[in-house]
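In what follows, a single structure is set out as structure tokens and then discussed.
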Amino acid sequence: MEQAVVKILLLGICGYGSNYIKEISERDIPGIKIAGICEVVPNAADLYPIIKEQNIPIYQTPEDFYKEHTADLAVVSTPIHLHYSQIVTCLTHGSNVLTEKPVCTSVEGARKLEQLEKETGKFISVGYQLNYSRDVLVLKQDILDGRFGKPLYMKALHAMRRGDKYYARNSWAGHIDVKGCAVNDSPFNNACAHQFQVMTFLLGERLERAAELADVQAEPYKGNPNVENFDTITVRAHTVSGVPLWYGTGHAIADKKLGPIAEYRFEKGTVYFGKDFGSGPIAEYVYIGDIGEQIDYGRIPKGERLQKFYDAIEAVRTGKHPVCTVQCAIPHLEAVEKIAKLPIVSIPTESVEDIREDDDTFHTIVGLHDLFITCYKNREMLSQEGLPGNKYEGETL
């Protein structure tokens with residue numbers, strides 16, 4: 001029996017959304033059709049020949065699209081502050097939704113979206129891609145099955161250098177607020193969000209849930225004087241079941257990339273990511289048991305490069321909700337909201353070095369690489385290792 005065609009609406013194709021256009025144009029994905037595109041960039045059609053070839057209609061807003069069309073799945077890749085209203089529009093017009101992270105800008109909004117899912121009978125799938133990776137899902141199932149014993153702590157570190165061009169690429173990068181809407185754009189909420197969120201996901205009591213947080217402590221710093229929000233941070237948190245989490249991330253670092261590295265300690269052994277076993281860091285999850293057991297999760301095929309997209313298409317057909325639910329996004333969003341209440345400490349100019357490279361300027365905190373490595377090793381905050389001007393603070397959620 002021939003399967004029904006899944007009609008897809010793409011919201012935003014000139015940022016991250018370009019990945020979906022490329023995937024559709026480069027891969028022969030059976031049983032789908034782009035019903036329309038919402039994009040405010042006037043020359044979007046000129047950028048992607050597939051739009052012209054298939055005569056795909058382009059609209060300014062989803063409201064305009066729904067006046068003339070329907071869609072089974074809406075893919076939201078627009079700026080952060082537009083997510084909530086656009087998801088509401090798509091759900092209420094009968095579309096399921098795959099949205100890039102964060103799902104929206106507030107926990108209150110996320111809970112409203114959960115309720116709207118129930119009312120409309122449609123799903124919202126959130127695009128934390130690690131949650132869809134097949135090796136991560138097998139790892140999580142092993143954790144749920146108690147294979148490693150109880151979790152004792154989790155920690156991760158991931159930093160990427162970003163300069164003035166990165167922050168100038170749109171109107172919201174690095175901002176706390178855009179036109180009265182809190183966006184809280186930062187490495188913790190955007191580019192390097194995944195390694196913190198996946199820790200909560202792995203500790204969720206079911207496959208499609210993330211662990212709720214009991215408290216969050218953080219030290220937000222700003223090395224780039226031109227950025228409104230923080231660009232460097234260390235975070236401590238506890239899940240409601242008492243598992244300690246530690247995370248460090250930032251853009252004000254001289255390294256083009258540091259990590260990701262992670263260590264998840266359990267009663268019977270440790271899961272590592274990015275560990276160097278003697279031949280360089282391995283960008284895979286590996287479990288080393290205390291009595292010699294070893295599991296290499298890198299041998300498990302991860303799936304497609306946009307597995308979240310394929311899973312959303314399959315969910316439309318089967319009616320089964322994709323694994324990364326709105327709830328899976330809420331603990332990370334709670335941490336973002338709590339951190340937003342903390343003061344941001346500007347690094348003194350004598351501790352900041354400007355690096356000029358590739359026609360870009362990078363404002364980097366001197367010695368941050370070594371500070372991050374030491375803090376990761378000891379699960380400490382940056383101020384505990386001597387970074388000036390901060391003392392970690394936190395709140396109970």
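What you are looking at is a predicted structure, and each value in this text was computed from that prediction instead of being measured.
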Could you verify whether a donor N or O on one side chain and an acceptor N or O on the other, from [X] and [Y], lie under 3.5 Å apart?
X    : Y    : value
E263 : T270 : no
T374 : E385 : no
H81  : D177 : no
N19  : E23  : no
T61  : D64  : yes
Y132 : E304 : no
Q86  : T78  : yes

Where the side chain of [X] meets the backbone of [Y], is there a donor-acceptor pair that is under 3.5 Å apart?
X    : Y    : value
N96  : D72  : yes
K222 : T232 : no
N189 : N184 : yes
E39  : V41  : yes
E117 : I124 : yes
H238 : P244 : no
R236 : R379 : yes
H83  : P102 : yes
T234 : G248 : no
E219 : L382 : yes

Which is it for D255 and L368 under the side chain to side chain contact (heavy atoms under 4.5 Å, CB included) test, yes or no, and what are the steps along the way? CA-CA 9 Å; D255 311 63; L368 184 58; over 6 Å; no
Return the minimal non-hydrogen interatomic distance between [X] and [Y], and the atom names on each side.
X    : Y    : result
G223 : A252 : CA-CB, 4.2 Å
L202 : Y264 : CD1-CE1, 3.4 Å
F230 : I339 : CE2-CG2, 3.7 Å
Q195 : A156 : CB-CB, 4.1 Å
Y84  : G109 : CE1-O, 3.4 Å
C38  : F65  : SG-CB, 4.2 Å

Considering residues, nucleotides and ligands other than K302, do more than 12 of their heavy atoms fall under 6.0 Å from its NZ?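 More than 12 heavy atoms, drawn from other residues, nucleotides or ligands, come within 6.0 Å of this atom.
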Any chance CG of D358 has more than 12 other-residue heavy atoms, nucleotides or ligands included, within less than 6.0 Å?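 Atom CG in D358 is not crowded, with 12 or fewer foreign heavy atoms closer than 6.0 Å.
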Side chain to side chain, [X] and [Y], heavy atoms closer than 4.5 Å:
X    : Y    : value
D164 : H363 : yes
L203 : P151 : yes
L258 : I373 : yes
H69  : Y59  : yes
H251 : Y167 : yes
L245 : L213 : yes
M154 : F266 : yes
I282 : D296 : no

Lys/Arg-Asp/Glu bridge criterion (N-O < 4.0 Å) met for [X], [Y]:
X    : Y    : value
D290 : R265 : yes
E357 : K165 : no
D311 : K320 : no
R299 : D135 : no

If hydrophobic clusters are built by linking Ile, Leu, Val, Met, Phe, Trp and Tyr wherever their side-chain heavy atoms come under 4.5 Å apart, do [X] and [Y] end up in the same one?
X    : Y    : value
L306 : F123 : yes
M160 : F273 : no
V227 : V345 : no
I233 : Y166 : no
V326 : V76  : yes

Worked check of side chain to side chain contact (heavy atoms under 4.5 Å, CB included) between I261 and K275: CA-CA 7 Å; I261 54 176; K275 185 174 177 63; over 6 Å; no
Stepwise side chain to side chain contact (heavy atoms under 4.5 Å, CB included) check, D185 with N229: CA-CA 7 Å; D185 183 62; N229 205 5; 5.6 Å; no
Within this structure, what is the [atom1]-[atom2] distance for the pair [X] and [Y], rounded to the nearest 0.5 Å?
X    : Y    : atom1 : atom2 : answer
I330 : E337 : CD1   : CD    : 10.0 Å
R111 : Q327 : CZ    : CD    : 8.0 Å
I29  : I313 : CD1   : CD1   : 5.5 Å
S351 : I365 : OG    : CD1   : 8.5 Å
I347 : N224 : CD1   : CG    : 12.0 Å

Pair up each side-chain donor or acceptor in residues 5-16 with any protein partner under 3.5 Å, not counting sequence neighbours, and list the distances.
from: K7; atom 1: NZ; to: T70; atom 2: OG1; distance (Å): 2.7
from: Y16; atom 1: OH; to: K308; atom 2: NZ; distance (Å): 3.1

I need the full list of side-chain hydrogen bond (donor to acceptor under 3.5 Å, both in side chains) pairs touching residues 197-210, with sequence neighbours left out, sorted by first then second residue.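 For residues 197-210, and leaving out neighbouring residues, the side-chain hydrogen bond (donor to acceptor under 3.5 Å, both in side chains) pairs sorted by first residue read N131-Q197, E205-R209, R206-E208.
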Centroid-centroid distance, F188 to H332, less than 6.0 Å: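 Between F188 and H332, the centre distance is under 6.0 Å.
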Go through E108 and K112 one step at a time and tell me if the salt bridge (Lys or Arg N to Asp or Glu O under 4.0 Å) criterion holds. CA-CA 6 Å; E108 179 185 7; K112 288 180 179 179; 3.6 Å; yes
Parallel, tilted or perpendicular for Y66 and H93, by the 30°/60° rule?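 Parallel.
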Suppose the criterion is ring pair (Phe, Tyr, Trp, His ring centres under 6.0 Å): which pairs have a residue in residues 287-320, not counting sequence neighbours?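 The answer is Y20-F309, F148-Y287.
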Determine whether V103 and I87 satisfy the following criterion, side chain to side chain contact (heavy atoms under 4.5 Å, CB included), listing intermediate values before the conclusion. CA-CA 9 Å; V103 60; I87 292 171; 4.2 Å; yes
Establish, yes or no, whether the cationic atom of K155 lies under 6.0 Å from the six-membered ring centre of Y153 and within 45° of the ring axis.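 Judged by the rule, K155 and Y153 form no cation-pi pair.
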